[in-house]
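The structure appears below as structure tokens.
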Amino acid sequence: MARITPLSGFPEWLPDGRVVEQHVLDVLRRTFELHGFAGIETRAVEPLDQLLRKGETSKEVYVLHRLQAEDEEDATAPRSEKQLGLHFDLTVPFARYVLENAGRLAFPFKRYQIQKVWRGERPQDGRFREFTQADIDVVGAGELPYHYEVELPLVMAEALGALRDVGVPAVRVLVNNRKVAEGFYRGLGIEDVEGVLRQIDKLDKIGAEQVAALLVSEQGATAQQAGACLDLAAISGSDATVVSRVRALADEHGAGTELLDEGLGELAALIEAAAARAPGVVVADLKIARGLDYYTGSVYETVLVGHEDLGSICSGGRYDTLASDGKNTYPGVGLSVGVSRLVSRLLSAGLLAATRGVPTSVLVAVSDEESRATSDAVAAALRARGIPADVAPTAAKFGKQIKFADRRGIPFVWFPGEEHQVKDIRTGDQVAADPAVWAPPAEDLHPRVVPAV
RNA sequence: GUGGCUAUAGCUCAGUCGGUAGAGCGCCUGGUUGUGGUCCAGGAGGUCGCCGGUUCAAGCCCGGUUAGCCACCCCA
């Protein structure tokens, strides 16, 4: 018998962990729907050429392969056309979905999408090969008003904030604007904007000195240019002084450009609105770069306060050309929550817990197998009134039946008889009860997620 | 894909200088009149990841391999 071993990067929760995950998903969905996002699901696979366009060559895509096709396939040379790959995010499939259904959708189109995605990268703490993302996006036809770039991160902040009462830490949404960075870099005379962003992104990990060295050695920047880039990246804050500080820095280096001004205008609007609608949550941070090359405006990253080591649990940005069929383009903005990353940390850090791993609120004991029908009838009466009930598997000694409930966190055990009785096994209280009217306290009706003490 | 660390009971881990295996927790049974948790007594459970080598003798030393963890890369 081959030994069963865990498969790295493919997380599976125990039932009580699933209760936590399901709660997170429920809260996200409820908030998204409150804001008018329509739910969709796209297929798990996309043609490989769709997934790999936009120069996403570094993406580790799982390719789908029919076992029976092995013989037929090796001869065929070009294997990009019909090959299928599992999607590695929900944004690219959504862009395809928009193009495919453009004639039937109403724009601006707001949608949420919660699905598994797959990436072949090496797994680590909080990094998986199979994980769940919860996305919201808005796309417009031809154009998309800027105010959506303000609203989307605020919707996310609200959704994640709605989890605070079960013990999820506060979140901080870090925002930047591609136009600011690009405008500034070009003003400095730097050509390789992408390369500089990539190095700047390493700031937290390797420090300013190393990044400066890399900018000179890898991107061919002068020491002055590198210094200016680092000065820009050092700017952060949640009020309008951020914008004036960037302006001052640009003036100092003669790096003012039209693009920079446009970006600063947008960033200012975002900070201002966020300060009013979600004080203290949104922070401008000019070192936020984002690796994905299709972002053109605002970019977002979100960290759990106190768990910055986990990295971003929710990120996204504005994209203008992702969904384009040549004639029509559908610019969009969206963010994606790494649900698996979030839940894995919540559970591993013991920040919260489920009250139980089974739905059952009441276990109906069985006195002896001859009277099992009596117990079944009690359970049926409870279920008919919406009370999750289960019947003991065997007519074991009552001590064992209570233990059965205790092991599963079931709070109540029902003893049928001349006079029915129900026992709260946490307190030991046992009272006479009628299957037709008795109900558990509301907080014991269903499993709940509660903060760890 | 690259590098480092690790692999012993269901879980967390000991195991000395090489001498064929241990603890805690969990699990099962019992402690009389079928009401659990505490306590007491007893019990089950391990091809020491896998393959090979050195040795009289390998959990321990050496080589390989697989898997896991961490870091890089990249990202949720």
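All chains are named by letter (A, B, ...) in the order of the sequence lines, taking the proteins before the strands, and each is independently numbered beginning at 1.
- Considering only side-chain N and O atoms, A/Ser315 lies under 4.0 angstrom from the phosphate OP1 or OP2 of B/A76.
- The nucleotide B/C72 finds its pairing partner in B/G1, both defining distances of the Watson-Crick or G-U wobble pair being shorter than 3.5 Å.
- Straight-line distance from the CD1 atom of A/Ile200 to the P atom of B/C74: 14 Å, rounded to whole Å.
- Side chains of A/Glu266 and A/Ser298: a donor-acceptor N/O pair is absent below 3.5 angstrom, by distance only.
- The interatomic distance linking A/Tyr295 (OH) with B/A76 (C1') rounds to 10 Å, in whole Å.
- Note on A/Phe415: a base of the nucleic acid sits closer than 4.0 angstrom, heavy atoms only.
- If you take CG of A/Leu363 and C1' of B/G36, they are 12 Å apart, rounded to a whole angstrom.
- Taking atom CG of residue A/Asp125 and atom P of nucleotide B/C72, one finds them 12 Å apart after rounding to whole Å.
- Pair assignment for B/C27: B/G43, on the basis of Watson-Crick or G-U wobble contacts that are both within less than 3.5 Å.
- B/C61 is paired with B/G53 under the Watson-Crick or G-U wobble criterion, all donor-acceptor distances under 3.5 Å.
- Under the Watson-Crick and G-U wobble criteria, each requiring two contacts below 3.5 Å, nucleotide B/U20 is left unpaired.
- The separation of B/C17 from B/C74, taken at their P atoms, amounts to 45 Å, rounded to a whole angstrom.
- If you take NZ of A/Lys400 and C1' of B/G37, they are 15 Å apart, rounded to a whole angstrom.
- Side-chain atoms of A/Arg127 come within donor-acceptor range of the base of B/C74, with a qualifying N/O pair under 3.5 Å.
- In terms of position on RNA chain B, the residue among A/Lys397 and A/Thr427 whose nearest nucleotide sits closer to the 5' end is A/Lys397.
- The listed nucleotides are B/G68, B/G1, B/G36; the one nearest the side chain of A/Arg122 is B/G1.
- One can place NE2 of A/His307 at 16 Å from C1' of B/A76, the figure rounded to the nearest angstrom.
- Side-chain N/O atoms of A/Asp406 and base N/O atoms of B/G37 include no donor-acceptor pair closer than 3.5 Å.
- In this entry the distance linking CD of A/Gln124 with C1' of B/U2 reads 13 Å, nearest Å.
- Using the Watson-Crick or G-U wobble rule with both distances under 3.5 Å, B/G37 pairs with nothing in any strand shown.
- Regarding A/Gln210, its CD atom lies at a distance of 15 Å from the C1' atom of B/A71, rounded to whole Å.
- With both ends at atom C1', the span from B/A58 to B/C48 equals 11 Å, rounded to whole Å.
- A cation-pi contact links A/Arg426 to A/Phe412, judged by a cut-off of 6.0 Å to the six-membered ring centre and 45° from its axis.
- For B/U35, its base sits under 3.5 Å from the side chain of A/Gln430 at one donor and acceptor pair at least.
- The ring of A/Phe128 does not lie on top of the base of B/A76; it is either too far (5.5 Å or more) or too tilted (30° or more).
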